[in-house]
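Since the structure comes first, as structure tokens, the remarks are kept for the end.
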Amino acid sequence: MAILAPSFLASDFLHLEKTCKMIDESTADWCHLDVMDGRFVPNISFGIPIIEHIRRATKKICDVHLMILDPGDYASAFQKAGADILSIHLEACPNLHRNIQQIKELGMKASVAINPHTPVSMLQDVLGDIDMVCMMSVNPGFGGQKFIPHTLEKVKELRRIIDEKNYPVIIEVDGGVTLENAPSILAAGADALVAGSSIFNTKDPLATITAFKNL
Ligand code: DX5
Ligand code: ZN
């Protein structure tokens, strides 16, 4: 049973409390919270005050995905807001190693996200320092996009490296994940799945979460 992280980006922002309750009652594991700055990605979503509210309304782990430039400048603010896991993009961090240390010193799990065009080999020198890789399977910035099939090869490659070196690193796959393609993503070696529109755009999100967890 893989870790499931419903992405709030596809949820009804007018009813965040209801969504938190639904997630708490469900078998989902984490709340995936997508922060966008309109600079690193061509979209703006939500930020620190919204995460503070979600944190207070849910008991689940808050998995915060920063799609922002200079994420190190905000790591402490997101920790205070309630992030348990903080994903920062490799492409946004000229001082990635320093930013990872910062996140860990603040007591959060450190995760590095990579875009679909970024080779897995770029992670080589930080894999021993991080808790998770967030493997983007769409170009970050929007929910509801189609899964990029080439990502499956990247998941397999990363799985092989992690297993070879015995790193305690989780592989999370984010973007375009559906009930239909989830089995092949899990077979490729993913440990955690993010799903936004394929959960919240269904009639019964709670039942969809159960279906994902039963895969
Ligand atoms: C995309 C975000 C994803 C997004 C996934 O930039 O990082 O987490 O919410 O949405 P779906 O599951 O609809 O592709
Ligand atoms: Zn995300």
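Just so you know, these numbers come straight off a predicted model, no measurement behind them. Throughout, numbering of the chain's residues begins at 1 and tracks the sequence. First listed ligand is number 1; within each ligand, the first listed atom is number 1.
- By the neighbour-count criterion of 12 heavy atoms within 6.0 Å, atom CD of Glu17 is sparsely surrounded, having that number or fewer from other residues, nucleotides or ligands.
- Under a 4.0 Å N-O distance rule, the pair Asp29/Lys213 qualifies as a salt bridge.
- With no hydrogens or angles considered, no side-chain donor-acceptor pair links Glu172 and Ser111 at under 3.5 Å.
- Protein contacts to the Zn ion (ligand 2) involving N, O or S atoms at a distance below 2.8 Å are His32 NE2, Asp34 OD1, His65 ND1, Asp174 OD2.
- A donor-acceptor pair is defined here as one N or O able to donate and one able to accept, closer than 3.5 Å; such a pair exists between the side chain of Thr19 and the backbone of His15.
- A salt bridge links Glu153 with Lys156; the closest basic N to acidic carboxylate O contact falls under 4.0 Å.
- No side-chain donor-acceptor contact under 3.5 Å links Lys60 to the backbone of Cys20.
- Using a 4.0 Å heavy-atom criterion, the residues that approach ligand 1 are Ser7, Leu9, His32, Asp34, Met36, His65, Met67, Met136, Pro140, Gly141, Phe142, Gly143, Gly144, Asp174, Gly175, Gly176, Val194, Ala195, Gly196, Ser197.
- Inspection of the His65 and Asp63 side chains reveals no N or O donor paired with an N or O acceptor under 3.5 Å.
- Dense packing is recorded around CZ of Phe200, with more than 12 heavy atoms of other residues, nucleotides or ligands lying under 6.0 Å away.
- If you check the side chains of Asn181 and Thr178, you find a donor sitting under 3.5 Å from an acceptor.
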